[in-house]
Trainee: 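To start, I am sharing the structure in question, which I have written as structure tokens.
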Amino acid sequence: MTDGREWHAAPLTLPPQPAAWYQLAAAGGWQAVVADTAHPIAHDVLAARCSGSPSLTRAWCDLPFSVPILCAQATADGIQTLQQAVMVLHAEGLPLHRTVVVLAATADGRPAAVVRAAATMLSARAAAVVHLPHDADIRANGLQAQPARIRTRTRQAARELATAVLAAAREAFGDPLPDAPQPAPLPAVAVPAV
């Protein structure tokens, strides 16, 4: 499911409630739905804790069969932000054991020492850590890049990510995975007499 727009276009206006995505999956008969969001998880969890209200992050993580994926740039700042978010999630008791971490390279070459060290630390807490290499064609054209121009390393990383998510789901929810969810019944609507 994709909107097919330019990668730099503003995100679609989508329902903010995680349960709406679960219903969307159920209505479509899909076992998997990828909800891509720039949701500030650590801020959300801390703000909810301070206000005493439930966090949107917890609602996403509490969906049946969810596998959270945390993405960060493979830079010192990106790693520091990611580590802080992981500490907040851990303190809140959210499911790091089925969370996959993606470290996206911002340039070609070997990851910096701070990135490699963080990957080692995170691999002990998360289900998996995947390194996504820099790919200039995707950076310039988004997912509308010609498939033949996408680097082999990028395709391998995408396969590794999909495999890691599936493995985390199977570890947490069983193998084979449960069938797709059934949509909730529509509420009864009273029809006025004519």
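In this chain, residues are counted from 1 in sequence order.
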Trainee: So, the side chain of Ser55 versus the backbone of Asp44: is there a donor-acceptor pair under 3.5 Å, distance only?
Mentor: no
Trainee: Look up atom CG in Leu89 and atom CG in Leu70, then write down how far apart they are to the nearest 0.5 Å.
Mentor: 6.0 Å
Trainee: If the plane angle is over 60° it's perpendicular, under 30° parallel, otherwise tilted; pick one for Trp60 and Trp21.
Mentor: tilted
Trainee: Considering all heavy atoms of both residues, which atom of Ala172 and which atom of Arg98 are nearest to each other, and what is their separation?
Mentor: CB-CD, 3.8 Å
Trainee: Does any part of the side chain of Leu94, heavy atoms only, come nearer than 4.5 Å to the side chain of Arg58, both counted from C-beta?
Mentor: yes
Trainee: What pair of heavy atoms forms the shortest contact from Pro133 to Arg153, and how long is it?
Mentor: CB-NH2, 3.0 Å
Trainee: Could you note down all residue pairs passing salt bridge (Lys or Arg N to Asp or Glu O under 4.0 Å) where residues 102-119 supplies at least one of them, sequence neighbours left out?
Mentor: Asp108-Arg151
Trainee: Group every Ile, Leu, Val, Met, Phe, Trp and Tyr by side-chain heavy-atom contacts under 4.5 Å, then state whether Val86 and Leu161 land in the same group.
Mentor: no
Trainee: Below 4.5 Å, heavy atoms only, C-beta onward: do Leu56 and Pro18 meet side chain to side chain?
Mentor: yes
Trainee: If every non-hydrogen atom of Pro68 is compared with every non-hydrogen atom of Cys61, which pair is closest and at what distance?
Mentor: CG-SG, 3.9 Å
Trainee: Of Val130, Val102, Thr99, which is the lone residue that meets side chain to side chain contact (heavy atoms under 4.5 Å, CB included) with Ile69?
Mentor: Val102
Trainee: Do Ile41 and Val129 sit in the same hydrophobic cluster, where Ile, Leu, Val, Met, Phe, Trp and Tyr count as joined when their side-chain heavy atoms come under 4.5 Å apart?
Mentor: yes
Trainee: Nearest heavy-atom pair of Ala168 and Val100: which atoms, and what distance?
Mentor: CB-CG2, 4.4 Å
Trainee: Within the structure provided, determine whether Pro64 and Tyr22 are in side-chain contact (heavy-atom separation under 4.5 Å).
Mentor: yes
Trainee: Report the C-alpha distance between Val88 and Thr57 in whole Å, list the side-chain angles of each, state the deciding distance to 0.1 Å, and finish with yes or no for side chain to side chain contact (heavy atoms under 4.5 Å, CB included).
Mentor: CA-CA 11 Å; Val88 168; Thr57 301; over 6 Å; no
Trainee: Under a plain distance cut-off of 3.5 Å, with no hydrogens placed, do Ser51 and Ser53 share a side-chain donor-acceptor pair?
Mentor: yes
Trainee: Is any side-chain heavy atom of Leu103 closer than 4.5 Å to a side-chain heavy atom of Leu132?
Mentor: no
Trainee: Using the side-chain hydrogen bond (donor to acceptor under 3.5 Å, both in side chains) rule, collect all pairs that involve residues 76-95, keeping only residues at least two apart or in two chains.
Mentor: Arg49-Glu92
Trainee: Ignoring hydrogens, what is the shortest heavy-atom contact between Ala42 and Ala85? Give both atom names and the distance.
Mentor: CB-CA, 3.9 Å
Trainee: Is there a donor-acceptor pair under 3.5 Å between the side chain of Arg159 and the backbone N or O of Thr154?
Mentor: no
Trainee: Is the closest side-chain heavy-atom distance between Leu166 and Val67 below 4.5 Å?
Mentor: no
Trainee: According to a 4.5 Å side-chain heavy-atom criterion applied to Ile, Leu, Val, Met, Phe, Trp and Tyr, with indirect links allowed, do Met121 and Val101 form part of one hydrophobic cluster?
Mentor: yes
Trainee: Name all residues meeting the salt bridge (charged side-chain N to carboxylate O under 4.0 Å, His left out) criterion together with Arg125; count only those two or more places apart in sequence or in a different chain, and write none if there are none.
Mentor: none
